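Chain letters run A, B, ... following the sequence lines, proteins first and then strands; every chain starts at 1. No experiment lies behind these values; they were computed from the predicted model shown. Side chains included, hydrogens not; waters and symmetry mates left out as well; all remaining heavy atoms used.
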There are 2 protein chains.
Amino acid sequence: MAEARWLTDDEQRTWRSFLIASRLLFDRLEKELKQNSNLSFATYEILARLSESPGRSMRMADLAAACVFDRSRLSHAIDRLVRSGWVRRVPSTSDARGQLAELTDEGARQVRESAPGHVELVRSLLFDRLSREQQESLREVSTVLATGVLDPARLDRMGWPAATPRPDPPSARG
Amino acid sequence: MAEARWLTDDEQRTWRSFLIASRLLFDRLEKELKQNSNLSFATYEILARLSESPGRSMRMADLAAACVFDRSRLSHAIDRLVRSGWVRRVPSTSDARGQLAELTDEGARQVRESAPGHVELVRSLLFDRLSREQQESLREVSTVLATGVLDPARLDRMGWPAATPRPDPPSARG
DNA sequence: CATCAGGTGCTGAAATTTCAACTACTCGTC
DNA sequence: GACGAGTAGTTGAAATTTCAGCACCTGATG
């Protein structure tokens with residue numbers, strides 16, 4: 001290795017700003033959820049993802065990918081959710097290794113209850129304050145970051161949401 | 001409360017993209033530090049901040065604010081760093097309640113050793129991939145996020161770095 | 001069919017973070 | 001100089017996350 005490529009002052013400022021801002025934001029969301037629903041952000045995300053999924057259930061690995069958790073972390077988190085009665089484990093019928101995490105009615109109720117406050121806060125801290133151009137920039141930058149870490153194929157497999165609406169209907173393929 | 005203000009599809013995609021992207025990025029940095037220097041990101045930040053501070057030391061509260069940690073978390077983290085021999089606790093002379101966390105020589109060596117790899121990764125995942133305009137957008141958006149959570153005065157007190165270079169030299173004030 | 005690389009999910013222990021007090025000190029006021 | 005509110009930092013226990021390793025299943029290959 002020759003000379004380390006340091007950050008310019010400008011880059012340094014940008015990086016620190018991003019770091020601080022995202023942490024402040026996530027902390028704030030965490031606090032709101034804890035306060036109003038006694039949920040951690042991580043827990044909320046799991047419940048939210050499940051609630052949006054067909055059959056209110058997902059394969060463990062898919063859920064982990066969607067939430068950007070490693071498998072162990074998800075497994076422990078699901079343990080706790082099962083103990084709370086909000087999630088049920090169901091063995092996969094198509095793959096004997098697989099488990100589905102399935103939202104219970106109680107779990108679904110919990111999401112419905114906590115979602116509005118959470119969404120309202122995201123809106124008020126983020127979208128109400130960003131112009132349309134800034135929102136586009138944010139998505140653009142996020143895409144750059146994500147593809148910097150994972151290739152597009154992997155992102156796609158984990159349900160990467162940044163894509164603009166499909167250019168062709170799926171049936172028109174091939 | 002009347003009707004909850006939900007997110008549009010577009011906003012939903014932007015939000016999820018941001019969430020996933022930042023998590024992927026931070027996870028990656030965490031992994032790199034763990035792998036190459038056996039440091040957590042949190043630990044690295046503490047050491048880095050101290051190393052940049054005059055006298056290689058900071059008041060606990062200031063350090064906590066700079067790293068966006070709560071005081072308890074920082075206190076525990078510093079405990080560990082003291083046990084590692086990388087940081088020393090020094091009572092503040094001006095305020096008998098206060099403590100300084102001060103980097104030891106060993107600690108300084110540790111930062112010097114781990115910084116290049118870390119910076120290189122930030123550069124390659126972020127700055128090498130963003131145009132100048134995108135970098136500006138990122139800073140702009142970060143500022144919006146941060147001021148959405150904290151007022152500018154508080155940000156300033158915690159060493160918010162997003163400011164463009166001061167319009168006047170400090171001595172020209174008043 | 002047997003093998004084997006790779007994928008899935010779980011587990012227990014260790015490390016870290018969160019949470020709710022608690023002590024000690026400062027500052028402004030009386 | 002004593003009071004009381006507010007600040008600085010620590011502490012211990014509980015909750016969560018990380019880490020390494022395990023057991024099991026699948027799918028490809030021979």
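Annotation: side chain of Phe18(A) is in contact with side chain of Leu25(B) (closest heavy-atom distance under 4.5 Å).
Comparing dT10(D), dT18(C), dT26(C) by their closest approach to the side chain of Ala96(B) singles out dT26(C). Here the nucleotide nearest the side chain of Ser75(B), chosen from dT10(D), dC19(C), dG9(D), is dT10(D).
Phosphate contact (OP1/OP2 of dA15(D), side-chain N/O of Arg80(A), threshold under 4.0 Å): absent.
For a distance-only test at 3.5 Å, the side chain of His76(B) qualifies as a donor-acceptor partner of the base of dG12(D). One N or O donor and one acceptor, one from the side chain of Ser72(B) and one from the base of dT11(D), sit under 3.5 Å apart.
Leu81(B) places its CG atom 12 Å from the P atom of dT10(D), with the value rounded to the nearest Å. To the nearest angstrom, C1' of dT18(C) lies 15 Å from CD of Gln35(A). Put simply, CD1 on Ile78(A) is 15 Å from C1' on dT17(D), counting in whole angstrom units. In this structure, Arg71(A) atom CZ and dC24(D) atom P are separated by 17 Å, rounded to whole Å. Computed from coordinates, the Arg89(B) CZ to dA8(D) C1' distance equals 12 Å when rounded to whole Å. Regarding Asp70(A), its CG atom lies at a distance of 8 Å from the P atom of dC19(D), rounded to whole Å. The CD atom of Glu45(A) sits 15 Å away from the C1' atom of dT17(D) (whole-angstrom rounding). Distance Arg73(A) CZ to dT17(C) P: 12 Å, rounded to the nearest Å.
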Applying side chain to side chain contact (heavy atoms under 4.5 Å, CB included), run through Phe127(A) and Thr14(B) and close with a yes or a no. CA-CA 10 Å; Phe127(A) 292 108; Thr14(B) 299; 4.1 Å; yes

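Relative orientation of the His118(B) and Phe41(B) rings is tilted, given thresholds of 30° and 60° on the angle between their planes.
Along DNA chain C, the nucleotide closest to Leu74(A) and the one closest to Lys31(A) are compared, and the more 5′ of them pairs with Leu74(A). Between Glu30(B) and Met60(B), the residue anchored closer to the 5' end of DNA chain D is Met60(B), taking for each the nucleotide with the nearest heavy atom. Along DNA chain D, the nucleotide closest to Ala77(A) and the one closest to Arg97(A) are compared, and the more 5′ of them pairs with Ala77(A). Map Asp62(A) and Thr43(B) each onto its nearest nucleotide of DNA chain C; the residue landing nearer the 5' end is Asp62(A).
Backbone-only contact: Arg59(B) has heavy atoms under 4.0 Å from sugar-phosphate atoms and none from a base.
For the side chain to side chain contact (heavy atoms under 4.5 Å, CB included) criterion with Arg28(B), the lone passing option out of Val122(B), Leu121(B), Leu33(B) is Leu121(B).
Side-chain atoms of Gln135(A) and Glu11(B) form no donor-acceptor pair, as typed in the model, at a separation below 3.5 Å.
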